[in-house]
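For reference, the structure discussed in these notes is given below.
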Amino acid sequence: MRGVRPEKLIDALLSASLISKESVEKINRYIRLNKGDIEDAIITQNILSEIEYMQFLSEYLGIPAIDMSELQVPDAILQLVPQEFAEKTLCVPIKKKGKFLQIAMADPTDIALIDDMKFVSGYEIEPYIASKKQIDHFINRHYKKEAMHEIMKDVILEDVEVVKEQDVKIDLKELAAAIEDTPIVRYVDSLITSSIRKGASDIHIEPYEKLLRVRTRIDSILFEEQSPPFKLRNAIVSRVKVMSNMDLAEHRVPQDGRIKMRLKDKDVDLRVSTLPTLYGEKVVMRILDKSALCVDLEKLGIEKEPLDHLSRAIQSSYGFILVTGPTGSGKTTTLYSALSRINTPDVNIMTAEDPIEYNFVGINQVQTREKVGLTFANALKSFLRQDPDIIMVGEIRDHETASIAIHAALTGHLVLSTLHTNDAPSSISRLMDMGIEPFLISSSLTLIVAQRLIRRICPRCKEPTTVAPEAIERAGLNPEEIADITPYHGRGCDDCQGGYRGREGVYEIMVVTQKIRDLTVERRPATEIMKAAISEGMMTLKQSALLKFKKGITTLEEVLRVTATI
């Protein structure tokens with residue numbers, strides 16, 4: 001808020017008893033690490049809901065708030081403010097009343113911006129306040145409904161022909177000219193920015209024989225986007241390669257690159273990968289949006305008792321902690337959250353990562369580069385000569401890395417890392433398969449976290465529902481067990497994807513007790529270790545997921561989707 005100092009807003013929130021002193025520390029920490037504002041900090045960390053914070057701002061500023069989730073505005077009104085201006089300023093027209101134009105604004109205290117709006121629209125301005133997220137959604141729903149048509153219309157009129165058969169040499173001069181063409185640039189920029197706004201984690205551009213398919217992954221699920229004309233496949237892929245500093249002439253081998261973008265007031269990184277396929281190069285862009293990263297252990301969805309076990313383990317001065325699960329299950333977020341909790345000036349934290357997804361003040365992060373010999377194992381060896389207290393290894397991939405990590409844990413260091421296994425007990429078997437002696441595993445390992453990500457029901461369109469008896473049976477539940485539970489689902493709205501919005505972790509946290517150490521030394525199978533852990537109170541992944549269903553956080557269908565193979 002340009003017209004209000006952040007300290008004033010925080011004082012007002014405290015005076016209204018809407019936040020605590022502990023929340024103030026979280027807000028300031030978030031702003032410092034993410035370069036965001038108070039609104040981002042409060043809503044992202046679930047300190048207040050979007051509605052609660054907007055109501056507070058409305059009362060504090062004396063400016064009415066407006067809910068834009070289902071607002072419909074005639075095209076004649078929208079045309080009073082150009083799309084580019086609306087996107088840049090987060091101001092959109094909502095109603096015309098005589099000589100006044102009602103405007104929804106993320107920052108109605110910006111007097112200079114109100115003057116600009118008056119100049120652009122030709123009307124006197126009557127400001128309303130709305131959240132940045134709702135304004136973003138509004139712009140996507142209204143301004144952009146014809147965006148693809150307009151972009152592609154321009155391209156077709158230009159009649160850019162840049163596609164060549166895979167076995168025909170591509171004219172690089174012709175292609176270079178095509179990818180700098182305004183419609184191609186506009187399309188790629190629009191695809192990336194709209195995907196970021198929708199909360200996508202990945203963008204897929206896939207060439208087939210007669211189709212260029214574009215998909216975005218939102219909350220673990222891939223959704224198809226409108227496909228651009230097939231003949232533009234080389235121009236679009238090449239534009240992405242230019243943006244990510246790849247070799248434009250090379251299309252026979254995979255390439256990796258990176259794009260740094262600034263979207264309004266936040267920086268977003270994209271990791272880009274190309275792969276030659278039968279009909280051209282497939283592109284996948286992984287979106288790394290630091291402002292969307294939650295690094296608060298309490299906000300990850302871990303139940304109280306398992307969270308207490310994890311908190312005690314990371315506060316220890318030594319030991320080996322493993323986080324396991326498939327790719328995309330949130331392991332990196334859990335590790336970053338743990339490191340954020342113990343990142344204090346009196347400890348030396350060093351990490352070896354591939355790649356470094358997010359950077360943190362106070363943590364020495366090293367990007368591994370296998371081509372030049374900087375592997376996880378070599379980085380770990382160097383770390384031990386750098387007086388570390390805490391070491392994080394991105395992934396245990398081989399015997400050498402596992403061996404060095406375990407010896408570091410045995411010599412007074414706290415070591416955290418990840419492993420690819422289906423559940424917590426299987427991690428012990430996996431380390432043995434790598435050639436690590438059981439007595440070393442039992443002596444060093446202190447705790448194992450297995451996890452998955454489950455989609456949350458959209459709070460805006462959440463409503464009671466019924467559950468089919470077959471689903472209850474497949475989940476291993478007794479009808480009596482959920483007789484007093486009200487199941488929910490999302491009916492679907494503009495604010496979500498098919499009734500779901502956001503994700504939450506489900507966790508299996510196994511403390512390595514003396515009983516489990518004994519079973520490890522005896523080389524007992526993972527099934528036996530699992531039974532022992534459950535008998536000592538461990539909550540399994542499936543139990544954790546079913547608890548989310550019983551609490552109304554997710555649906556039984558989602559539980560079955562995530563835990564079907566567990």
Discussion item. Any side-chain to backbone donor/acceptor pair from Q255 onto D247? Under 3.5 Å, distance only.
Written reply: yes

Worksheet entry | Flag for S220-R503: side-chain donor and acceptor within less than 3.5 Å | yes

Response to the item:
Contacts satisfying ring-ring contact (aromatic ring centres under 6.0 Å, His included) that involve residues 297-338 (not counting sequence neighbours) are Y336-F360

Discussion item. Can you tell whether the side chains of D219 and R501 come within less than 4.0 Å, N to carboxylate O?
Written reply: no

Discussion item. Does anything in residues 366-382 form a salt bridge (charged side-chain N to carboxylate O under 4.0 Å, His left out)? List the pairs, not counting sequence neighbours.
Written reply: E370-R397, K381-E400

Worksheet item: Between S544 (side chain) and Y507 (backbone), is there a donor-acceptor pair under 3.5 Å?
Response: yes

Discussion item. By the definition salt bridge (Lys or Arg N to Asp or Glu O under 4.0 Å), identify the one residue from E224, E206, E225 that meets it with R215.
Written reply: E206

Worksheet entry | Pairs involving residues 332-348, ordered by first then second residue, that meet salt bridge (charged side-chain N to carboxylate O under 4.0 Å, His left out) (sequence neighbours left out) | E298-R341

Fill in: Step-by-step side chain to side chain donor-acceptor pair (under 3.5 Å) determination, R29 to S340
CA-CA 10 Å; R29 183 182 181 84; S340 182; 3.2 Å; yes

Discussion item. Quick one: does any side-chain atom of S227 pair with a main-chain N or O of L212 as donor and acceptor, under 3.5 Å?
Written reply: yes

Worksheet item: Does the K331 side chain pair with the main chain of G325, one donor and one acceptor, at a distance under 3.5 Å?
Response: yes

Worksheet item: Do the side chains of I218 and S201 get nearer than 4.5 Å, heavy atoms only?
Response: no

Worksheet item: Got I43 and S49 here, is their nearest side-chain heavy-atom distance under 4.5 Å?
Response: no

Worksheet item: Is K548 close to V559 at the side-chain level, that is, under 4.5 Å between some pair of heavy atoms?
Response: no

Worksheet item: Nearest 0.5 Å, what's the CD-CG distance between Q315 and L310?
Response: 10.0 Å

Fill in: Check: S23 side chain, I19 main-chain N or O, donor-acceptor pair, under 3.5 Å
no

Worksheet item: Can Q497 and C458 be said to form a side-chain contact (heavy atoms from CB on, under 4.5 Å), step by step?
Response: CA-CA 8 Å; Q497 296 288 335; C458 174; over 6 Å; no

Fill in: salt bridge (charged side-chain N to carboxylate O under 4.0 Å, His left out) between E303 and K551, intermediate numbers included
CA-CA 12 Å; E303 299 301 322; K551 289 181 177 181; 2.9 Å; yes

Worksheet item: Got a second to check how far D354's CG is from E395's CD, nearest 0.5 Å?
Response: 8.5 Å

Discussion item. Using a 3.5 Å distance criterion without hydrogens, assess whether the side chain of N348 forms a donor-acceptor pair with backbone atoms of D387.
Written reply: yes

Item to complete: List the steps and the verdict of side chain to side chain donor-acceptor pair (under 3.5 Å) for Y208 and R213.
Response: CA-CA 8 Å; Y208 294 94; R213 184 167 71 170; 3.0 Å; yes

Item to complete: Taking the side chain as every heavy atom from C-beta outward, state whether M261 and I192 have any atom pair closer than 4.5 Å.
Response: yes

Worksheet item: Between Q367 and E353, do the side chains contain an N or O donor and an N or O acceptor separated by less than 3.5 Å?
Response: no

Worksheet entry | Spacing of I553 atom CD1 and E558 atom CD [to the nearest 0.5 Å] | 12.5 Å

Worksheet item: Between the main-chain N or O of S190 and the side-chain N or O of T193, is there a donor-acceptor pair closer than 3.5 Å?
Response: yes

Discussion item. If the condition is side-chain hydrogen bond (donor to acceptor under 3.5 Å, both in side chains), which residues does K260 pass it with, not counting sequence neighbours?
Written reply: D269

Worksheet item: At what distance, to the nearest 0.5 angstrom, does CG of D423 lie from CD of E508?
Response: 5.5 Å

Worksheet item: So do the side chains of V284 and V272 get within less than 4.5 Å of each other, counting heavy atoms only?
Response: no

Discussion item. Please determine whether side chain to side chain donor-acceptor pair (under 3.5 Å) holds for the pair S195 and T216, giving the CA-CA distance in whole Å, both sets of side-chain angles, and the decisive distance to 0.1 Å.
Written reply: CA-CA 7 Å; S195 299; T216 53; 5.2 Å; no

Worksheet item: N364 side chain to T351 main-chain N or O, any donor-acceptor pair under 3.5 Å?
Response: no

Fill in: Inter-residue atom distance D389.CG - L414.CG, 0.5 Å rounding
9.5 Å

Practice prompt. Begin from the C-alpha positions of V415 and I321 and carry the test side-chain contact (heavy atoms from CB on, under 4.5 Å) through to its verdict.
Written response: CA-CA 6 Å; V415 181; I321 298 172; over 6 Å; no

Response to the item:
S329 and L453 have their tightest heavy-atom pair at O-CG, 3.4 Å

Discussion item. Considering only residues two or more places apart or on different chains, which pairs with a residue in residues 428-451 satisfy side chain to side chain donor-acceptor pair (under 3.5 Å)?
Written reply: T334-Q451

Discussion item. Just verifying a value: how many Å separate I390 CD1 and H413 NE2, rounded to the nearest 0.5 Å?
Written reply: 10.5 Å

Worksheet, complete the sentence: Nearest heavy-atom approach of L384 to A408 is CD2-CB, 3.9 Å

Worksheet item: When you check the gap from the basic side-chain N to the acidic O, do D136 and K198 get nearer than 4.0 Å?
Response: no

Practice prompt. Spell out, as yes or no, whether a donor-acceptor pair under 3.5 Å connects the side chain of S403 to the backbone of H399.
Written response: no

Practice prompt. Using the ring-ring contact (aromatic ring centres under 6.0 Å, His included) rule, collect all pairs that involve residues 414-459, keeping only residues at least two apart or in two chains.
Written response: none

Fill in: Test item: K282 and P207 side chains (from C-beta on) under 4.5 Å apart, heavy atoms
yes

Worksheet item: Is there side-chain contact between I516 and M510, with at least one heavy-atom pair below 4.5 Å?
Response: yes

Worksheet item: Do side-chain atoms of Q543 reach the backbone of T540 as a donor and acceptor pair under 3.5 angstrom?
Response: yes

